[in-house]
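Computed from a prediction, not measured in an experiment: that's the story for all the values here.
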Amino acid sequence: MLLTEENIAHCLAKAQESHSPPENPYKPLIPTGQPRLAAVLIPFFWKENEWHLLFIRRTINNTDRHGGQVAFPGGQSESGDDTPQATALREAQEEIGIARKDITILGQLQDVMTITNFQVTPIVGSIPWPHTLSSQDEEVSRIFSIPLSWLMKPENREVRHHDIQFQGQPIPVIHFSPYD
């Protein structure tokens with residue numbers, strides 16, 4: 001069966017029917033309190049007869065604790081963002097130059113709590129391809145894509161446990177094999 005935008009949207013809508021607030025797996029490790037809201041865009045595009053996901057590598061700098069990490073475009077909600085979708089679209093436009101009008105929203109995944117006490121809403125959307133992208137150099141050092149079929153192969157990923165220095169508690173982190 002061919003995975004279409006409609007199939008993706010249907011699956012996401014079905015998953016949202018049982019949507020419940022995210023449980024914080026880091027409760028014993030981080031200060032409690034109201035989480036900060038954030039959102040990311042998970043951009044899909046069709047290329048060479050298969051779906052690809054678009055990623056960014058964050059620029060390394062001393063003020064960004066996430067510098068150098070691979071991520072989806074996104075960030076913290078601002079006062080003008082009335083929904084997580086608005087946050088994800090604004091951040092995608094700022095970070096990689098995708099205009100809001102060029103993104104077809106397909107749905108969203110369940111919120112995720114981070115160890116830094118962010119509640120992140122992943123927004124799934126598709127973009128036309130090819131598409132001109134432009135990175136915001138202060139935040140993004142590279143924009144790249146990976147075929148969804150490659151990401152789905154179990155041999156391309158593993159779970160490693162990292163110790164959190166202030167607690168000595170191992171945290172599972174998914175690592176992918178080098179792709180590009």
Would you check if [X] and [Y] make a side-chain contact, meaning some heavy-atom pair closer than 4.5 Å?
X	Y	value
E91	Q76	no
L109	L12	yes
H161	V159	yes
H175	R157	no
P35	M113	yes

**Request:** In sequence, state the C-alpha distance, the side-chain angles, and the governing distance for N156 and L151, and then conclude on side-chain contact (heavy atoms from CB on, under 4.5 Å).
**Result:** CA-CA 7 Å; N156 292 330; L151 290 165; over 6 Å; no
**Message:** Ignoring hydrogens and geometry beyond distance, is a side-chain donor-acceptor pair present between N61 and T63 at under 3.5 Å?
**Reply:**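 Yes, because at least one side-chain N or O of N61 sits under 3.5 Å from a partner of the opposite role on T63.
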Tell me the closest heavy-atom pair linking [X] and [Y], and the distance in Å.
X	Y	value
A88	A39	N-CB, 3.9 Å
D82	A86	OD1-CB, 3.7 Å
P147	Y179	CD-OH, 3.0 Å
Q34	N117	O-ND2, 3.6 Å
A92	L41	CB-CD2, 3.7 Å

Which pairs would a plain distance check flag for residues 42-55, meaning a side-chain donor or acceptor within less than 3.5 Å of a matching protein atom at least two apart in sequence or in another chain?
from	atom 1	to	atom 2	distance (Å)
E50	OE1	S149	OG	2.6
W51	NE1	L3	O	2.6
H52	NE2	K47	O	3.3

List, one per line, each side-chain donor-acceptor pair under 3.5 Å for residues 125-137, sequence neighbours excluded.
from	atom 1	to	atom 2	distance (Å)
S126	OG	E5	OE2	2.5
H131	NE2	D102	OD2	3.1
S135	OG	D137	OD1	3.4

Shared hydrophobic cluster for [X] and [Y] (ILVMFWY, side-chain gaps under 4.5 Å):
X	Y	value
I96	I123	yes
I103	V120	no
L89	I56	yes

**Asked** Any donor-acceptor pair under 3.5 Å linking the side chain of T114 with the backbone of F118?
**Response**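 Yes, the answer is positive, given that a donor and an acceptor are paired below the 3.5 Å cut-off.
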**Prompt:** Do D111 side-chain atoms and Q119 backbone N/O form a donor-acceptor pair below 3.5 Å?
**Reply:**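 Side chain of D111 to backbone of Q119, a donor-acceptor pair under 3.5 Å: no, none is there.
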Approximate separation, where rounding is to 0.5 Å, of [X] [atom1] and [Y] [atom2]:
X	Y	atom1	atom2	value
R90	D81	CZ	CG	4.0 Å
R58	E138	CZ	CD	11.5 Å
S177	E155	OG	CD	8.5 Å
H10	T4	NE2	OG1	10.5 Å

Kindly list each side-chain donor-acceptor pair under 3.5 angstrom involving residues 139-146, sequence neighbours excluded, with atom names and distances?
from	atom 1	to	atom 2	distance (Å)
S141	OG	R57	O	3.2
R142	NH2	D180	OD2	2.7

